[in-house]
Each structure stands twice: as C-alpha cells, then as structure tokens.
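Worksheet: the structure to be examined is printed underneath.
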Amino acid sequence: MTDKFDKTPAASPAGQVSVSKGATTAPENIKAIPVRHVGRWISGVVVIGLLVALGYAFSQGNIQWQAVGDKLFDSNVVAGAGRTLLISVLAMVLGVVLGVVLAVMRLSKNPVTSWVAWLYIWFFRGTPVYVQLLLWFNLALIFPVLNIPFIYKDEMTDVMTPFMCALLGLALNEAAYMAEICRAGIQSVDEGQTEASHALGMTQAKTMRRVVLPQALRVIIPPTGNEFINMLKTSSLVYAVTYNELLRSTSQIGSTSYAVMEMLFVASIWYIVMTSVFSVGQYYLERRFARGSLRSLPLTPWQRVKVNLAAFSNRPSGGVSA
C-alpha cells in the first residue's frame, strides 16, 4: 500500500508573503536612458558660435541699418519688385508654352521637326542668358529695320525696347530647359496609355492633350516650380538691357544716396521674400498633383507641428512602461 502525499502548501517562512496561484506581479517601469550624443552638442555649439560671430561682425560693420528699413518699402523699390515679378511670370508662361511645343516636336517621328527642336535646345542651353540678352539688345546693329512684308515695319530700336529684350531673352532661354523637363514628363507615362487611346480611335493630338499630358504633370510640376524660382533670381540679369527691375531700382537709389551695400541688402530681402512665398505655393501644388500616385498624402508642415506638439504633451512623465 503506497503512502499518500500531503498536497497542502507548507507554511511559508517568517517574513515572506505567500503568493496565490492565480496572482501575477506587475512588472516594474522601464527607465529609458537616452544615449548621449556628444558630437551633436559640440557641432551645435560650434555652429551657434559661428553664427554669433557672423552677426557680431555685421553689427560692427559700417552699415546703416536704418537706411535698410527706410528704403525697404520705397515706392521705386516696390515698383521694381513688381516689374521683376511681371517679367518673371510672363517669361515663365511663354517658356512653358514653347517648351511643351518643343518637347512634342522633339518626340515627333518627323525627322525635320525633331532635328529643329534639338538644334534650338542645343543653342539656347549652350549659351549664357547674359549673352542672349545682349544679343537681343544689340539686334539693331544687324537688322536696323524690322520689315515683315504687308504686315509690319518699324525701326528695330523702337521694337526692341528693354522690356521686349528682357522678355525674349528670359523666355526663349527658359523654353529650352522646359522642353527637356516636359520631354521627361511625357516619357514617364506608360506607352500602354497611348496605345489604348489609339485603340479607342483618338488622334495623336487628342491623346497627347487628354491622356498623356495630364499624367505627365505630376513629373513636370516639381522642376517647373524650381525653374520659376530660379527665374525670379535670373531676372536680375536684365539689368544689362536697362530694364528697370528690382536690382536696377535699388542700384539707382544706392548710387544717389551713397548707400550701395544697404540697397543691395534691400534687394536681397525682396528676392528672399518672393522666392519663399512661391516655394510655399510650389509645395502645395506638388502635394495636390501627388494625390493620384500616393495612398496617403504626406503631412503639411503645420500638421507636423500639431502632431509633434500633441505627442510632446501626451508623453508620460514616469518613464516608458512595458
């Protein structure tokens, strides 16, 4: 006969608390200790020190900061900024339209139109904008009279005004770059889209206008925005053809008031403001055209700020729990 074992728990030693079978102890909170990045702190201090030194150097320089504030909204400066914006927008619009035409010509199966488009792009991309502006400005030395039979005839000096020279010089140069941008956008669309359109009976022109170009805009928009921002700054080169834009307006004020550097600072402030405003517009335009290619749109800068503030306010104070 076997002995029976006693299954009752033995008495626990003094000072110890018995734990019931179903009870579980709560885990302790994990204390996350961040890794110290000494190099980041050192580089941050060095950069801040350099910025402070740069600011101190400008504060001690012979600069009349009051003149910068007084002339920032001068009527001539504001008018010059308006003309800069006008010539940039008109040149960009003309450059985009002509660039699309050149891109279609470049992709055409017609060897004549394709070769002419390639030659145009080769010439205007191969010569500086400054040289092209001077060529238009001095065109009267080659053709004293502009004579279009039965349509128009006038002195070339009256036709090639500073505004016309600036517009043609900037727009025709921009068209060469926009042609390559548009060509890349058109080639990014799958060829099956074109084949399907032709199978439905659509012509080549209608396929390009209704099917290919709308899909190519997603690729064309970002570099086009960069080109326009660059156009705002490149427009300062029309100073050479005596067009009274922002840089020329500020330079004239600086030459008469002997505040040359101060007026250059004024021009720089206006250029930074204009490019910053259009950079924001470019961001939201790219975001709109990306709706068809992304499952979820990226957060806007303001949305990121709100998310970070919400995460910071909801952070637990007693460490990270398991």
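Quantities reported herein were computed from a predicted structural model and do not represent experimental measurements.
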Practice task
With rounding to the nearest 0.5 Å, note down the distance linking CG in Leu134 to OG1 in Thr127.
Solution key: 11.5 Å
Problem - Thr250 side chain to Leu264 backbone, donor-acceptor under 3.5 Å - result: no
Completion exercise
Taken to the nearest 0.5 Å, the spacing of Ile229 CD1 from Met92 CE works out to 10.0 Å
Practice task
Report, as yes or no, whether the 6.0 Å neighbourhood of atom OH on Tyr271 holds more than 12 heavy atoms from other residues, nucleotides or ligands.
Solution key: yes
Practice task
Flag yes if Val101 and Leu213 sit in one hydrophobic cluster, no otherwise; membership is Ile, Leu, Val, Met, Phe, Trp, Tyr, and two members link when side-chain heavy atoms are under 4.5 Å apart.
Solution key: no
Practice task
Give a yes or no answer on whether the side chain of Asn173 reaches the backbone of Gly169 with a donor-acceptor pair at less than 3.5 Å.
Solution key: no
Practice task
Start with the C-alpha gap between Met156 and Val145, add the side-chain angles, then the distance that decides, and say whether side chain to side chain contact (heavy atoms under 4.5 Å, CB included) holds.
Solution key: CA-CA 5 Å; Met156 186 63 73; Val145 178; over 6 Å; no
Exercise for the section: Decide yes or no on side chain to side chain contact (heavy atoms under 4.5 Å, CB included) for Met231 and Val89, but give the supporting numbers first. Expected result: CA-CA 9 Å; Met231 175 70 73; Val89 171; over 6 Å; no
Handout entry: Crowding at CD, Gln60 (>12 non-hydrogen neighbours, <6.0 Å)
Key = yes
Handout entry: Derivation and outcome, side chain to side chain contact (heavy atoms under 4.5 Å, CB included), residues Leu146 and Lys153
Key = CA-CA 5 Å; Leu146 177 62; Lys153 183 178 180 181; over 6 Å; no
Practice task
With the side chain counted from C-beta on, respond yes when Met274 and Leu246 share a heavy-atom pair under 4.5 Å apart, and no when they do not.
Solution key: yes
Exercise for the section: Quick one: closest heavy-atom pair of Ile87 and Ser235, and the distance? Expected result: CG2-CB, 4.1 Å
Problem - Asn138 CG to Thr157 OG1 distance, which is reported to the nearest 0.5 Å - result: 12.0 Å
Exercise for the section: Please report the shortest heavy-atom distance between Ser249 and Asn244, naming the atom on each side. Expected result: OG-OD1, 3.3 Å
Practice task
Could you grab the distance from atom CD of Gln64 to atom CG of Asp70, nearest 0.5 Å is fine?
Solution key: 10.0 Å
Practice task
Treating Ile, Leu, Val, Met, Phe, Trp and Tyr as nodes and any side-chain heavy-atom pair under 4.5 angstrom as an edge, say whether Val100 and Leu98 lie in one connected cluster.
Solution key: no
Exercise for the section: Considering non-hydrogen atoms only, spot the tightest contact between Cys182 and Ala103 and give its length. Expected result: CB-CB, 3.7 Å
Handout entry: Residue pair Leu139 / Trp136, side-chain heavy-atom distance below 4.5 Å
Key = yes
Problem - Heavy-atom side-chain contact between Phe58 and Phe265 under 4.5 Å - result: yes
Exercise for the section: Count the heavy atoms of every other residue, nucleotide or ligand shown that sit under 6.0 Å from CZ of Arg209, and state whether that count exceeds 12. Expected result: yes
Problem - Met202 side, atom CE; Gln204 side, atom CD - distance, nearest 0.5 Å - result: 10.5 Å
Handout entry: Side-chain heavy atoms of Phe228 within contact of Ser88, under 4.5 Å
Key = yes
Practice task
Report the distance from atom CD1 of Ile272 to atom NZ of Lys233, rounding to the nearest 0.5 Å.
Solution key: 10.0 Å
Exercise for the section: State yes or no: do Val68 and Trp270 share one hydrophobic cluster built from I, L, V, M, F, W and Y residues joined by side-chain heavy-atom distances below 4.5 Å, directly or via other members? Expected result: yes
Problem - Min side-chain heavy-atom separation Tyr152-Asn147 under 4.5 Å - result: no
Handout entry: Electrostatic pair Glu245-Arg248, nearest N-O below 4.0 angstrom
Key = no
Problem - Main-chain N/O of Val104 paired to Ser108 side chain as donor or acceptor, under 3.5 Å - result: no
Practice task
For Ser188 and Val219, work out which heavy atoms get closest and say how close.
Solution key: OG-CG2, 3.4 Å
Problem - Glu227 CD: over 12 foreign heavy atoms closer than 6.0 Å - result: yes
Problem - Contact check, side chains of Leu168 and Met160, non-hydrogen atoms, under 4.5 Å - result: yes
Practice task
Examine distances only and state if a side-chain atom of Gln215 and a backbone atom of Val211 form a donor-acceptor pair shorter than 3.5 Å.
Solution key: yes
Handout entry: Minimum heavy-atom distance between Leu133 and Leu237, given as atom pair plus value
Key = CD1-O, 3.7 Å
Practice task
Examine Val93 and Phe278 and state if one hydrophobic cluster contains both, with Ile, Leu, Val, Met, Phe, Trp and Tyr joined whenever side-chain heavy atoms are less than 4.5 Å apart.
Solution key: yes
Exercise for the section: State yes or no: do Val241 and Leu135 share one hydrophobic cluster built from I, L, V, M, F, W and Y residues joined by side-chain heavy-atom distances below 4.5 Å, directly or via other members? Expected result: no
Indicate every side-chain donor-acceptor pair of residues 114-125 with a distance under 3.5 Å to a residue at least two apart or in another chain.
unit_1: Ser114; atom_1: OG; unit_2: Arg106; atom_2: O; d: 3.2
unit_1: Tyr120; atom_1: OH; unit_2: Leu172; atom_2: O; d: 2.8

Handout entry: Heavy-atom check, side chain of Met263 versus side chain of Val77, under 4.5 Å
Key = yes
Practice task
Flag yes if more than 12 heavy atoms outside Tyr258 fall under 6.0 Å of its OH atom; otherwise flag no.
Solution key: no
Problem - ring-ring contact (aromatic ring centres under 6.0 Å, His included) against Phe137, all qualifying residues, sequence neighbours excluded - result: none
Handout entry: Validation row: Glu174, Leu94 side chains within 4.5 angstrom (heavy atoms)
Key = no
Practice task
Measure from the side-chain N and O atoms of Glu262 to the backbone N and O of Trp65, and report whether any donor-acceptor pair falls under 3.5 Å.
Solution key: no
Handout entry: Residue pair Ser255, Val260: steps toward the side chain to side chain contact (heavy atoms under 4.5 Å, CB included) verdict
Key = CA-CA 6 Å; Ser255 61; Val260 177; 5.9 Å; no
Problem - Closest non-hydrogen atom pair between Ala91 and Leu167, with its separation - result: N-CD1, 3.7 Å
